[in-house]
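Heads up, the thing below is written out as structure tokens.
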Protein chains: 2
Amino acid sequence: MKNEKRNNASLSTEISEQIKESIISKELDVGSRLPSELELAEQFNVGRSTIREALKRLAAQSLIRTQRGASGGAFINHIKFEEAHEQQITTSILLLSMNDVKFETACEARFALERACAQFAAHRRTNTDIKEIEKEILIQGQSNLTDEEFCASDIRLHRILVDCAKNPILSYQLAGAVEAMQPLMNMITYTVRSREKIVSFHKTIMRSIKNRDAEGINVGLSNLESYTKTLGQNLLESYK
Amino acid sequence: MKNEKRNNASLSTEISEQIKESIISKELDVGSRLPSELELAEQFNVGRSTIREALKRLAAQSLIRTQRGASGGAFINHIKFEEAHEQQITTSILLLSMNDVKFETACEARFALERACAQFAAHRRTNTDIKEIEKEILIQGQSNLTDEEFCASDIRLHRILVDCAKNPILSYQLAGAVEAMQPLMNMITYTVRSREKIVSFHKTIMRSIKNRDAEGINVGLSNLESYTKTLGQNLLESYK
DNA sequence: CATTTTTCATTTGTCAGACATTTAAAAACA
DNA sequence: TGTTTTTAAATGTCTGACAAATGAAAAATG
């Protein structure tokens with residue numbers, strides 16, 4: 001771990017950046033323990049609170065986890081898909097809501113990404129996948145379902161769809177992207193309410209997956225896309 | 001801002017979570033200022049250092065930025081694509097390197113995502129895009145190029161390719177995914193060295209973009225994919 | 001009066017020392 | 001040997017102090 005000064009950022013920022021680089025460059029192994037806060041403070045020649053603030057920064061990014069007590073300390077964290085996923089979604093949601101992205105743009109991106117796994121999904125879907133999708137479609141048909149429950153099931157369904165591709169990286173990237181756009185999508189389904197049609201699209205897509213018909217999946221997704229876009233447009237015009 | 005206690009996490013974690021939710025739920029507007037650290041400490045009934053650690057957590061996620069001096073403080077940050085991008089890449093790189101993802105899986109995901117924008121790229125590419133791609137291809141042909149420079153140009157080229165789709169969300173998601181996999185990819189190009197072939201694939205893809213031939217782009221990307229996979233396999237077997 | 005300089009109050013950044021709390025290992029004990 | 005107690009090390013928190021930055025008000029200056 002080096003000990004140089006670079007820009008004019010705060011000490012705690014610099015220190016956290018240095019440790020971060022050590023982690024990324026694998027100077028520090030996963031699971032290994034950092035020196036105690038007191039030792040780090042001596043090494044970097046700063047106060048303990050400065051070190052603590054640096055460590056909190058790293059903890060916020062799941063780069064380390066801390067443990068209290070004897071033989072406790074800060075350990076290099078093994079980042080799992082779940083954690084990374086959570087973070088990605090939070091960031092993406094904020095990004096979308098703060099940069100007034102057009103609904104059309106978000107919609108286009110979302111379905112383009114989903115279509116990206118159609119080919120794999122058609123080849124690799126299991127019977128379990130089909131059953132799970134059927135389960136969600138059944139749920140979505142219940143008339144006593146709240147909007148929240150319907151949307152939650154919608155998210156699950158699309159996630160299963162993505163998981164059909166049996167590529168964890170694809171799942172990670174896509175699930176993040178799709179879920180991040182869901183708040184925008186929910187705005188639509190909450191207001192316009194068009195469950196029957198959406199469910200019918202889901203059914204079509206499901207049949208294509210069952211038949212291992214990649215092109216059919218793509219068509220189904222594209223249909224759902226244009227329907228969603230229309231809904232979005234109507235909603236927008238109703239505000240004028 | 002509420003003031004309840006929930007789980008058994010540390011105070012600073014809880015406080016940062018509470019503020020985070022206030023930001024996501026838009027209780028707090030972008031650009032607005034949080035109370036000063038002293039005021040927050042009083043509000044939450046904790047010491048100032050606890051508040052500071054909570055704020056550092058939020059700063060690490062780009063949710064707030066802090067400014068010193070009179071009328072300084074912590075401000076809700078407007079997250080821009082650039083920042084979110086950086087974070088996403090860091091997380092993804094660590095995720096990939098820590099979860100021993102198969103090269104084949106990463107490769108498949110990467111090119112599937114890139115193909116997702118072929119259709120749009122074919123329709124929307126501008127002449128400027130073409131020029132920029134040609135520029136990178138020229139660079140990649142230079143024989144005195146270091147491996148680092150070649151890889152950097154490779155990244156830029158694929159990023160331009162993605163940007164051809166003129167969908168900022170697609171660009172954000174894909175560029176993140178593609179760049180995160182680059183270290184794995186670099187491992188290949190560094191060792192096996194086969195620039196001529198890669199450049200020839202790039203040229204084919206470029207021609208398809210120029211001709212607005214979406215299918216051609218897909219074929220070109222798929223060819224590049226299978227070639228890259230072969231290289232990866234050879235490299236793996238040479239280690240046996 | 002207008003402009004420049006100075007002062008000042010506010011706020012974050014850092015440090016030092018103290019105590020609380022947690023936890024694993026060592027020591028004492030039965 | 002097995003159980004309980006003690007102890008030491010580490011993070012978590014609080015307090016008070018000072019440094020440094022910074023904008024605004026006040027004062028000095030022409």
Side-chain angles (χ1 to χ4, degrees), chain A residues 1 3-20 23 28-29 31-78, chain B residues 1 3-20 23 28-29 31-78:
Chain A
M1 240 180 284
N3 200 342
E4 309 146 0
K5 280 189 184 177
R6 264 174 292 184
N7 39 19
N8 52 356
S10 69
L11 282 174
S12 74
T13 308
E14 271 189 43
I15 291 172
S16 81
E17 286 296 321
Q18 280 185 40
I19 299 178
K20 183 173 169 180
I23 296 174
L28 301 169
D29 296 327
S32 67
R33 210 201 80 161
L34 289 180
S36 75
E37 295 174 353
L38 223 59
E39 286 173 296
L40 283 172
E42 279 177 17
Q43 277 183 35
F44 285 99
N45 211 21
V46 297
R48 193 183 150 215
S49 44
T50 305
I51 291 291
R52 280 186 63 80
E53 286 174 17
L55 293 182
K56 291 315 145 204
R57 281 199 162 87
L58 298 175
Q61 297 171 276
S62 312
L63 294 179
I64 61 169
R65 64 175 190 286
T66 53
Q67 222 169 1
R68 292 174 77 167
S71 72
F75 298 85
I76 313 292
N77 199 22
H78 179 118
Chain B
M1 241 180 284
N3 200 341
E4 310 147 357
K5 278 188 185 177
R6 263 173 294 184
N7 41 19
N8 52 357
S10 68
L11 282 174
S12 72
T13 308
E14 270 190 42
I15 291 171
S16 80
E17 286 296 322
Q18 280 185 38
I19 299 178
K20 183 172 169 179
I23 296 175
L28 302 169
D29 295 328
S32 66
R33 210 199 83 159
L34 290 179
S36 76
E37 294 174 353
L38 224 59
E39 286 174 295
L40 283 172
E42 280 177 16
Q43 276 185 34
F44 284 98
N45 211 22
V46 296
R48 194 182 148 214
S49 47
T50 305
I51 291 292
R52 280 186 63 78
E53 286 175 17
L55 293 182
K56 291 314 143 202
R57 280 198 163 88
L58 299 175
Q61 297 172 275
S62 311
L63 294 180
I64 60 169
R65 64 176 191 284
T66 53
Q67 222 169 359
R68 290 173 77 168
S71 72
F75 298 85
I76 313 293
N77 199 21
H78 179 119

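Values below: all heavy atoms of this structure, side chains included; hydrogens, waters and symmetry mates excluded. Reminder, nothing fancy here: chain letters follow the sequence lines and each chain counts from 1.
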When you measure from the side-chain N and O atoms of [X] to the phosphate of [N], is any distance below 4.0 Å, counting only OP1 and OP2?
X        : N       : result
Lys56(B) : dT12(C) : no
Thr66(B) : dG13(C) : yes
Arg52(A) : dT11(D) : no
Ser10(A) : dT12(C) : no
Ser49(A) : dG13(C) : no
Ser71(A) : dA10(D) : no
Ser36(A) : dA9(D)  : no

What's the separation between atom CD in Glu53(B) and atom OG1 in Thr13(B), rounded to the nearest 0.5 Å?
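Result: 8.5 Å between the selected atoms.
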Distance in Å, Arg57(B) CZ paired with Arg57(A) CZ, rounded so as to fall on 0.5 Å steps:
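Rounded to the nearest 0.5 Å, the CZ-CZ separation comes out at 12.0 Å.
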Minimum-distance nucleotide to Leu11(B) side chain [options: dC15(C), dT11(D), dT13(D)]:
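It is dT13(D).
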Heavy-atom distance under 4.5 Å between the side chains of Lys56(B) and Thr66(B), does that happen here?
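The answer is yes, as the side chains (C-beta and beyond) meet within the 4.5 Å cut-off.
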Could you check if a side-chain atom of Ile64(A) sits within less than 4.5 angstrom of a side-chain atom of Ile19(A), using non-hydrogen atoms only?
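In short, these two side chains do not touch, never coming nearer than 4.5 Å.
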Return the value, rounded to whole Å, for the distance between atom [atom1] of [X] and atom [atom2] of [N].
X        : N       : atom1 : atom2 : answer
Glu53(A) : dT14(C) : CD    : C1'   : 8 Å
Leu40(B) : dT11(C) : CG    : P     : 11 Å
Gln67(B) : dG23(D) : CD    : C1'   : 10 Å
Glu37(A) : dG17(C) : CD    : P     : 16 Å
Phe44(A) : dA16(C) : CZ    : P     : 16 Å
Glu42(A) : dG17(C) : CD    : C1'   : 15 Å
Ile51(A) : dG12(D) : CD1   : P     : 14 Å
Leu38(A) : dA10(D) : CG    : P     : 9 Å

Main-chain N/O of Arg65(A) paired to Asn77(A) side chain as donor or acceptor, under 3.5 Å
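Here the side-chain-to-backbone pair does not exist.
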Run the numbers on Ile51(B) and Ile15(B) for side-chain contact (heavy atoms from CB on, under 4.5 Å), then give the verdict.
CA-CA 8 Å; Ile51(B) 291 292; Ile15(B) 291 171; 4.2 Å; yes
Looking across every strand, which nucleic acid part, if any, lies under 4.0 Å from Arg33(A) by heavy atom: base, sugar-phosphate, or nothing?
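Result for Arg33(A) = sugar-phosphate.
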So Gly47(B), base contact, sugar-phosphate only, or nothing? Heavy-atom distance under 4.0 Å.
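Sugar-phosphate contact only - Gly47(B) comes under 4.0 Å of backbone atoms but never of a base.
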Find which nucleotide of DNA chain C each of Gly69(B) and Thr50(A) is nearest to by heavy atoms, and output the residue with the more 5' nucleotide.
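Counting from the 5' end, the first nearest nucleotide belongs to Gly69(B).
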Any N/O donor-acceptor pair, Arg68(B) side-chain to dG23(D) base, under 3.5 Å:
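No.
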On a plain distance test, is the side chain of Arg48(A) in donor-acceptor contact with the base of dG17(C) below 3.5 Å?
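No.
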